[in-house]
Amino acid sequence: QVQLVESGGGLVQAGGSLRLSCAASGMIFSLNVMEWYRQPPGKQRELVATITGGGSTTYADSVKGRFTISRDNAKNTVYLQMNSLRPEDTAVYYCKSLIYTTWGQGTQVTVSA
């Protein structure tokens, strides 16, 4: 079955950077559109970025110019490079395939002011 394992979260000061990783299994990874979502405390989950198998990307307005989604199809892994982090980026971050309903456990990102 599909499994997603996120990693790379942590505590960082505002203006800092983190790189999240998501290892996927149980799917033909290169054919899947992959997504990063986040859920801030007390708020709904929101879509942050997407990437197609061929590498085309889209971003939420709130992260454009600061976050970069990428993938390594040979490693079945999708990444989220987060720069110029802000306290409002604090959330649990999840990756997901567009066509599967499976969610990983998420990784906590906390940005201090």
Side-chain angles (χ1 to χ4, degrees):
Q1 73 267 22
V2 172
Q3 289 188 319
L4 301 161
V5 179
E6 301 94 340
S7 62
L11 173 62
V12 63
Q13 288 187 330
S17 299
L18 283 173
R19 188 194 195 204
L20 307 183
S21 299
C22 171
S25 60
M27 67 174 79
I28 303 175
F29 181 77
S30 61
L31 299 182
N32 275 263
V33 174
M34 296 301 295
E35 306 169 309
W36 280 101
Y37 285 79
R38 66 185 181 187
Q39 187 163 16
K43 297 185 179 180
Q44 290 187 331
R45 200 168 293 186
E46 60 184 10
L47 181 62
V48 173
T50 66
I51 185 167
T52 67
S56 297
T57 59
T58 61
Y59 297 93
D61 288 343
S62 58
V63 306
K64 277 181 183 176
R66 300 188 298 122
F67 290 11
T68 302
I69 188 171
S70 63
R71 66 192 296 158
D72 185 336
N73 288 336
K75 295 183 178 180
N76 285 8
T77 301
V78 59
Y79 304 97
L80 187 67
Q81 177 67 44
M82 305 187 295
N83 298 329
S84 302
L85 283 162
R86 305 167 180 168
E88 54 264 39
D89 295 318
T90 294
V92 179
Y93 283 72
Y94 302 88
C95 71
K96 184 181 175 295
S97 164
L98 178 64
I99 64 170
Y100 293 102
T101 58
T102 302
W103 293 91
Q105 84 289 349
T107 186
Q108 175 70 48
V109 172
T110 303
V111 184
S112 62

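- With a 4.5 Å cut-off on side-chain heavy atoms, Leu98 and Thr50 do not count as touching.
- Looking at residues two or more places apart in sequence or on another chain, you find no salt bridge (Lys or Arg N to Asp or Glu O under 4.0 Å) involving Lys43.
- You'll find the side chain of Lys96 stays beyond 4.5 Å of the side chain of Arg45, heavy atoms only.
- Listed by chain and residue number, Leu11, Thr90, Gln108 satisfy the side chain to side chain contact (heavy atoms under 4.5 Å, CB included) test with Thr110 (two or more places apart in sequence, or in another chain).
- Residue pairs that meet the ring pair (Phe, Tyr, Trp, His ring centres under 6.0 Å) test with at least one member in residues 15-62, sequence neighbours left out, are Tyr37-Trp103.
- The CG atom of Asp72 lies 11.5 Å from the OG atom of Ser30; values are rounded to the nearest 0.5 Å.
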- Item | Verdict with reasoning, Arg86 to Asp89, per salt bridge (charged side-chain N to carboxylate O under 4.0 Å, His left out) | CA-CA 5 Å; Arg86 305 167 180 168; Asp89 295 318; 5.3 Å; no

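- Within the hydrophobic cluster formed by Ile, Leu, Val, Met, Phe, Trp and Tyr side chains joined at under 4.5 Å, directly or through other members, Ile28 is accompanied by Leu31.
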- Message: Is there a side-chain contact (heavy atoms from CB on, under 4.5 Å) between Leu20 and Tyr94? Walk through the geometry before answering.
- Response: CA-CA 10 Å; Leu20 307 183; Tyr94 302 88; over 6 Å; no

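- Residues Ala14 and Pro87 come closest through the heavy atom pair CB-CD, 4.1 Å.
- Under a hydrophobic-cluster definition in which Ile, Leu, Val, Met, Phe, Trp and Tyr are linked whenever side-chain heavy atoms come within less than 4.5 Å, directly or via other members, Val48 and Val12 are assigned to the same cluster.
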- Task: Go through the steps to decide whether Met27 and Leu4 satisfy the test side-chain contact (heavy atoms from CB on, under 4.5 Å), and finish with yes or no.
- Result: CA-CA 10 Å; Met27 67 174 79; Leu4 301 161; 4.1 Å; yes

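- Annotation: side chain of Ile99 is in contact with side chain of Asn32 (closest heavy-atom distance under 4.5 Å).
- Val63 has its side chain within reach of Arg38: a pair of non-hydrogen atoms, C-beta onward, lies under 4.5 Å apart.
- Between the side chain of Thr77 and the main chain of Lys75, a donor-acceptor pair closer than 3.5 Å is present.
- What you find for Ala49 and Leu80 is that their closest heavy atoms are CB-CD1, 4.3 Å.
- Linking ILVMFWY residues whenever their side-chain heavy atoms come closer than 4.5 Å, directly or via other members, leaves Ile69 and Tyr79 in distinct clusters.
- Cys95 and Val78 make their closest contact through CB-CG1, 4.3 Å (heavy atoms, listed as atom of the first residue, atom of the second, distance).
- Atom CD of Gln1 has 12 or fewer neighbouring heavy atoms from other residues, nucleotides or ligands inside a 6.0 Å radius.
- Within the structure, the side chain to side chain donor-acceptor pair (under 3.5 Å) test picks out no pair touching residues 3-13 (sequence neighbours left out).
- Hydrophobic cluster membership differs between Val5 and Met34, with clusters built from Ile, Leu, Val, Met, Phe, Trp and Tyr side chains linked at under 4.5 angstrom.
- Between the Arg71 side chain and the Thr52 main chain, a donor and an acceptor come within less than 3.5 Å of each other.
- For the salt bridge (Lys or Arg N to Asp or Glu O under 4.0 Å) test, no residue two or more places apart in sequence or in another chain qualifies with Arg19.
- With a 4.5 Å cut-off on side-chain heavy atoms, Ser17 and Gln81 count as touching.
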